[in-house]
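First up is the structure itself, then whatever we jot down about it.
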Amino acid sequence: MKFPGQRKSKHYFPVKSRDPLLAQLTQQPQPFSTYICGIDQTLVDIEAKVEDELLERYGLPKGNSTLINDEQAHNLYHELKSNEMISDEFAGGTIGNTVHNYSILADDRSVLFGVMSQKVMVGSYAYRYLCNTSSKVDLNYLQPVDGPIGRCFTLISDCGERTFAISKGSMDKLTPEFINKDVIQGCSALVLTAYLMRASDGDGITDAAMTAIEYAKEAEVPVVLTLGTRFLIQEDPKWWQDFIRNHVTILAMNEDEGEALTGFKDPLLASEAALEWCDMVLTTAGPIGLYTAGYAEDSAKRETSHTLLPGAIPEFNRYEFSRPMLKDDCETPIKVYAHISPYMGGPELIRNTNGAGDGALSALLHDLSANTFHKTNVPGSSKHKRDGLCYSSFSQVCKYANRVAYEVLAQHSPRLSRGLPEREDSLEESYWER
């Protein structure tokens with residue numbers, strides 16, 4: 001596994017010199033590999049520039065999101081394709097993006113649960129999905145289904161307005177029987193999206209997700225939830241608060257979703273409120289940057305050397321050099337916060353914001369998994385005298401998530417095509433050393 005962030009060798013494992021003769025007589029343990037699991041609605045994002053006449057003909061209200069059936073989706077795709085109006089086709093889905101990015105960053109395995117068309121034709125939606133997913137993502141546990149996976153059409157008008165047409169296909173047909181208990185209980189984290197909890201009658205993906213959550217909780221595997229959209233959360237915030245309190249370890253959201261969940265418009269206050277229901281929060285806030293919030297042991301807190309920041313909570317980043325911990329693992333838990341502004345002020349040109357939050361979450365998951373890897377392979381390290389949730393401090397997780405989000409924003413696809421560069425030509429090394 002690659003370790004998170006651009007770190008110098010002194011930040012890797014503590015290494016003790018061994019006598020070469022004794023080393024031959026001593027059996028060395030085999031390195032233990034780690035991985036994460038995700039459950040997603042498998043879908044493909046199809047982007048095209050269209051005239052308003054096409055939207056009217058298909059009954060798609062301009063600027064809105066509309067569900068369409070398989071026949072409408074087939075006809076729409078055929079028309080866009082035959083008229084060469086499609087500009088891009090990407091493998092999509094919040095969790096699909098996240099586990100793909102995780103495998104790119106960690107150069108290691110992840111496992112995706114979902115559905116896949118049993119018959120995959122060259123050039124089909126399913127084919128596009130498979131082609132645009134990292135080979136490090138284990139797709140062997142996907143449930144085969146008759147019919148297409150989901151499709152999300154992003155139709156861009158001349159004025160720049162985006163209209164969404166979504167065809168569910170069979171993306172919600174995942175059943176609990178295809179959730180492998182041993183795989184879930186052996187992973188470093190289970191990551192889910194709020195969309196999974198709102199399946200229609202007859203679709204099994206909600207039951208499958210709940211089954212996976214129960215398996216994870218039995219083995220004390222962290223459950224990570226990303227909220228997806230404010231419109232889903234604001235329908236019933238209390239239900240989501242109770243769900244997070246009962247099932248979720250780490251929560252990922254943006255400032256709009258945070259406001260819908262907690263009632264606080266300020267992302268810092270929203271993060272603080274969410275800590276009443278979970279152990280750690282990652283909040284992305286667009287041009288403001290991103291926040292991490294969580295718990296640390298009071299006796300092990302580490303004070304920052306950075307400038308103390310003003311905000312709704314004065315000097316909130318004072319202990320950002322502390323490592324995140326589960327609240328229950330702390331004898332005297334304290335709340336800790338960290339913030340970072342957009343990396344280099346953000347890209348010069350942002351063509352698409354889709355996937356930036358997924359990129360930030362994948363960085364956090366990489367750091368969490370690295371902690372499991374290091375703890376298992378180097379159990380005697382002083383780093384693990386206390387059970388930490390992540391390998392790095394709140395501050396370092398912020399920087400890593402921020403850097404990955406920038407990499408996604410600087411391209412058009414919501415998925416990384418490569419890991420972070422070995423050297424940062426555009427920024428001094430001190431970014432990672434601070």
Side-chain angles (χ1 to χ4, degrees), residues 4-5 36 188-191 216 220-227 241 244-255 257-258 261-262 264 266-285 289-304 306 308-309 311-313 315-340 357 360-372 374-375 383-402 404-405:
I36 66 166
S188 296
L190 170 66
V191 57
E220 298 183 345
V221 171
V223 176
V224 183
L225 177 72
T226 178
L227 292 184
Q241 293 169 13
I244 294 166
R245 178 186 292 110
N246 295 328
H247 303 297
V248 175
T249 311
I250 298 175
L251 180 66
M253 59 188 184
N254 64 27
E255 72 275 30
E257 295 151 8
L261 178 68
T262 67
F264 291 104
D266 185 289
L268 179 58
L269 292 178
S271 300
E272 180 192 32
L275 286 181
E276 297 301 315
W277 313 308
C278 62
D279 294 282
M280 188 174 181
V281 181
L282 171 68
T283 304
T284 54
L290 59 83
Y291 295 83
T292 52
Y295 291 95
E297 167 58 40
D298 184 50
S299 60
K301 65 181 181 288
R302 294 180 60 207
E303 197 158 340
T304 184
H306 297 170
L308 294 178
L309 300 174
I313 303 172
E315 301 180 347
F316 64 88
N317 66 318
R318 179 176 292 276
Y319 299 113
E320 64 182 355
F321 282 9
S322 309
R323 283 175 67 206
M325 294 179 65
L326 296 174
K327 185 178 181 181
D328 289 344
D329 288 341
C330 300
E331 294 175 10
T332 309
I334 61 168
K335 292 179 179 178
V336 179
Y337 312 92
H339 167 265
I340 194 166
L361 178 57
S362 67
L364 189 157
L365 290 169
H366 181 200
D367 200 275
L368 183 153
S369 184
N371 187 57
T372 307
H374 189 262
K375 184 178 180 180
K383 197 172 187 73
H384 305 296
K385 286 182 179 179
R386 296 182 183 275
D387 288 331
L389 185 58
C390 294
Y391 182 78
S392 307
S393 66
F394 286 92
S395 176
Q396 282 287 347
V397 170
C398 261
K399 279 187 274 192
Y400 188 32
N402 194 41
V404 175

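One-based numbering along the sequence shown.
In this structure, the separation between CG on L275 and CG on L251 is 9.0 Å, given to the nearest 0.5 Å. Interatomic distance, OG of S369 versus CD1 of I36, reported as 7.0 Å (0.5 Å rounding). Interatomic distance, CD of E303 versus CG of L308, reported as 7.0 Å (0.5 Å rounding). We find the OG-NZ distance between S322 and K335 to be 15.5 Å, quoted to the nearest 0.5 Å. Distance check, rounded to the nearest 0.5 Å: CE of M280 to SG of C390 gives 4.0 Å. Residue I244 holds its CD1 atom at 12.0 Å from CG of D279, rounded to the nearest 0.5 Å.
Side chains of T249 and L326 form a contact here, defined as non-hydrogen atoms less than 4.5 Å apart. Put simply, the side chain of R302 does not reach to within 4.5 Å of the side chain of Y319, judged on heavy atoms. Between L282 and I250, the closest side-chain pair of non-hydrogen atoms is not below 4.5 Å. K383 is listed as a side-chain neighbour of R323, based on a closest heavy-atom distance under 4.5 Å. At a threshold of 4.5 Å between non-hydrogen side-chain atoms, the residues D387 and K375 count as touching. Residues L290 and H339 have side chains not in contact (no heavy-atom distance under 4.5 Å, counting atoms from C-beta outward).
If you run side chain to side chain donor-acceptor pair (under 3.5 Å) between S271 and each of D266, T283, T262, only T283 comes through. Y400 pairs with exactly one of V404, N402, V397 by the side-chain contact (heavy atoms from CB on, under 4.5 Å) rule, that one being V404.
When ring centroids are compared, F321 and H306 come within the 6.0 Å threshold.
Here the closest heavy-atom approach between residue P267 and residue A285 is recorded as CG-CB, 4.1 Å. When all heavy atoms of A370 and P4 are compared, the closest pair comes out as CB-CD, 3.7 Å.
Aromatic ring orientation, F316 versus Y337: perpendicular (interplanar angle above 60°, classes split at 30° and 60°). The aromatic rings of H374 and H384 sit tilted relative to each other, their planes meeting at an angle between 30° and 60°.
Between K327 and E276, none of the side-chain N atoms (NZ, or NE/NH1/NH2) sits under 4.0 Å from a carboxylate O, so this pair counts as no salt bridge.
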